[in-house]
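Remember, it's a predicted structure, so these values are computed and weren't measured experimentally. Letters A, B, ... mirror the listed sequences (proteins, then strands); counts begin at 1.
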2 protein chains.
Amino acid sequence: MATIYEVSALAGVSLSSVSRVLNDHEHVSKKTKQKVVAAMNELDYRPNTIARSLASNCSNSVGVLVSELHGPFFGAMLSTIELELRNAGKHAVITAGHSDEESEKKGLDFLIDRNCDALILHVDAISDEYLIKLSKGKTPFVILNRYISEIKDNCFYLNNELGGYLAAKHLIEQGHKDIAYISGPTTKQDTAERLVGHKKALTEAHISFKENLIYEGDYLTESGRDGFNSLIKNKATFTAVICSNDEMASGAMRGARDHKLLIPEQCSFIGFDNAFFTEYLYPQLTTINFPVNDMAKMSTLWILQNVYKQKEIKITNIFTPKLIERKSVLQK
Amino acid sequence: MATIYEVSALAGVSLSSVSRVLNDHEHVSKKTKQKVVAAMNELDYRPNTIARSLASNCSNSVGVLVSELHGPFFGAMLSTIELELRNAGKHAVITAGHSDEESEKKGLDFLIDRNCDALILHVDAISDEYLIKLSKGKTPFVILNRYISEIKDNCFYLNNELGGYLAAKHLIEQGHKDIAYISGPTTKQDTAERLVGHKKALTEAHISFKENLIYEGDYLTESGRDGFNSLIKNKATFTAVICSNDEMASGAMRGARDHKLLIPEQCSFIGFDNAFFTEYLYPQLTTINFPVNDMAKMSTLWILQNVYKQKEIKITNIFTPKLIERKSVLQK
DNA sequence: ATTCAGAATGAAAGCGCTTCCAGTTCTGGG
DNA sequence: CCCAGAACTGGAAGCGCTTTCATTCTGAAT
């Protein structure tokens, strides 16, 4: 593998000059540049990124820490992040935290030790305080899907309240009054916010919120099914179910089928996220779109702009959910 | 950030000794080691991975190139790879090739230029020849989901023929004789092999293979639906459809519903891959399990063993598919 | 006490690049 | 034609670590 030395020797110029053309510096004469480029081509020179990183103190890598690597949400997210980074000549070092505090912290340390220039974090087990402290450190980062007021400019998140509101409002508009709600763990910020929006829509429509129509799941399919069964078992009366994500919605629909209920004739469903598989379901699931790609793109651009000083764009921190109407809601 | 110099000064030993304890070398006295460890703790020393990489010519990073980052298949794959690598103190640099030759080659170059110690490749646009040539280079790699005889020890793949066979055989055992087949692009190796298995099962059962019962899709949902519609339009007679992946199966099921057909009463379906969403479908999809996780794990272990000289395990290159019975096949 | 293999240590030379600084060569305006 | 200032170039230090080689130190065997 040719080094910069050989290039400089062949081109008959100094190391510095080679380095300058490599980095597209100003103040290099056309002639020098030509000679260097020719030599590079002849030797099939490939810069050693490691050496560059060491000398320049910049690894050109961005660490991405997500709670899980599989699942529709993260697939879409990573896909966008990788694309944007690669277009910018940077690369993604990816790691998973498995929604466990210890594991997430380890992942963080791992990425920091790897000299990532910046981090994109999607974590839920690590505390606000820890992240605020981390923000004082030297590695800049953005946080996805979470709002921490002390470092709000680094946060990119959905207007969850609006999402919750839209789902309930839609059902109400379609004539539903008895609406069950299968939520995620209510300790989580986004879950809580969605519920606020839900209640707001009910209130606006003068529908009182009933505690027995709510079930707390864990965002996994099975808990959607459990939730539905539990509602039935408790003799709750409802004509529609809102779920805090699409996985649980799919589980809840299965629960409805276990009870021989027709969807949407006997029970309507709304999900959240607009995962790719919602179109595969039968009937296709009406859901709230979560613009993951937009959010992932924006956060990556933030890094390109603030860390790598590339193009200036207008940064938006909050994203807007949207109702996607499909076939799982009955108009009464 | 403390460096090895400061540690050596504080501990009162030489650089070399610090480096030795850092790398767990033999020939370091207990006393020296203690002093060094104490100094490291006091200074909260974190080794600079970049500098280590430069000096040791080993980046501790493994490049992963997949055709797409989203989708259930890759999510599962990446999840396993990342876990195994991180357990071994290595990390994954991830990139996508988008099933486009130019783009895949660029991804490859990108990863090689990034000084990855090894690569895990899931590519389909790059030619065998190119990969064989690449294998002469200095960066070792493994190939997933593809068999190239010249470098077969680096290939990890499914017994696709068996998969195709199992699906058809199951339907035949359930009394089906007219079996439609929605395949992927037949130019792809795995697709072709599956079809061979399919035909083998038919032949064994003395069922003749009919060209008009086959449709060539592109592995995307929509093409499953198109396939189904096309079969109907061509007045093909069949009681069951086998699809080369679960996405197309979901599309085909939708096609069946468009024609008001009951599943499985009027038409049975079998998919391929056993993606997570097959359980969400209605009825739940009978499919062929593709042990992605096993394959991903094995390929990572191969790298740990052959590149990083870690633990010895027995390497298996070929993986076995298995029928997963659910609710989408009618017993006649 | 003597010998000597092997263990323990340190000095120093890199790894391949960036970047500061100083020196040299061009400009063009007077 | 001169000279200030800008454009260009090269030398050399340094990024933080690994690794080779030579040297010194052990302690078991004689």
### Between D:dC15 (P) and B:E6 (CD): distance, integer Å
11 Å

### Query
So, is B:N48 close to the D:dC15 phosphate, meaning a side-chain N or O under 4.0 Å from OP1 or OP2?
no

### For A:H122, the option from A:F74, A:F141, A:Y157 that meets ring-ring contact (aromatic ring centres under 6.0 Å, His included)
A:F74

#### Entry: Whole-Å gap separating C1' (D:dC15) and CZ (B:R46)
19 Å

## Note on the structure
Checking D:dG10, D:dT18, C:dC17 against the side chain of A:V13 (C-beta onward), the nearest is D:dG10

### Message
On DNA chain D, does the nearest nucleotide to A:L15 precede the nearest nucleotide to A:K31 from the 5' side, or the other way round? Give the residue.
### Response
A:K31

### Query
Between B:S17 and C:dG10, does any side-chain N or O lie under 4.0 Å from OP1 or OP2?
yes

### Query
So, for A:F276 and B:H70, is the gap between ring centers shorter than 6.0 Å?
no

### Query
Please give, in whole Å, the distance from D:dT20 P to B:N23 CG?
12 Å

### Query
What integer distance in Å separates A:I50:CD1 from D:dG16:C1'?
13 Å

### Message
Without decimals, in angstroms, what is the distance between A:M1 CE and C:dG16 P?
### Response
11 Å

### Task
Determine the contact category for B:T3: base if any of its heavy atoms lies under 4.0 Å from a base atom, sugar-phosphate if only primed atoms, P, OP1 or OP2 are that close, otherwise nothing.
sugar-phosphate

### Query
Between atom CD1 in B:I4 and atom P in D:dC15, what is the gap in whole Å?
14 Å

### Query
Hey, is the side chain of B:S14 poking within less than 4.0 Å of OP1 or OP2 on C:dT9, counting only N and O atoms?
no

### Message
So for B:S16 and C:dA11, does any side-chain atom that can act as donor or acceptor lie under 3.5 Å from a complementary atom in the base?
### Response
yes

### Query
So what does A:N57 touch, heavy atoms closer than 4.0 Å: a base, only the sugar-phosphate, or nothing?
nothing

### Query
Which nucleotide in the list D:dC17, C:dA8, D:dT9 gets nearest to the side chain of B:S29?
C:dA8

### Task
Grab the OH-C1' distance between A:Y5 and D:dG11 for me, whole Å please.
12 Å

### Query
Using a cut-off of less than 4.0 Å, is there contact between a side-chain N or O of A:Y45 and OP1 or OP2 of C:dC17?
yes

### Query
Do any side-chain nitrogens or oxygens of A:T32 fall under 4.0 Å of OP1 or OP2 in D:dT9?
yes

#### Entry: Aromatic plane relationship, B:F156 with B:F319 - under 30° parallel, 30 to 60° tilted, over 60° perpendicular
tilted

### Query
Ignoring hydrogens and angles, does a donor from either the side chain of A:R20 or the base of D:dG10 sit under 3.5 Å from an acceptor on the other?
yes

### Query
Considering only D:dG16, D:dT9, C:dT18, which nucleotide approaches the side chain of A:V28 most closely?
D:dT9

### Message
Using side-chain heavy atoms (C-beta onward) and a distance below 4.5 Å, is B:V123 in contact with B:R146?
### Response
yes

### Task
Round to a whole Å and report the spacing from NE2 of A:H27 to C1' of C:dT19.
14 Å

#### Entry: Lys NZ or Arg CZ of B:K90 over B:Y308 ring: under 6.0 Å, within 45°
yes

#### Entry: Minimum side-chain heavy-atom gap B:R20-B:H27 below 4.5 Å
no

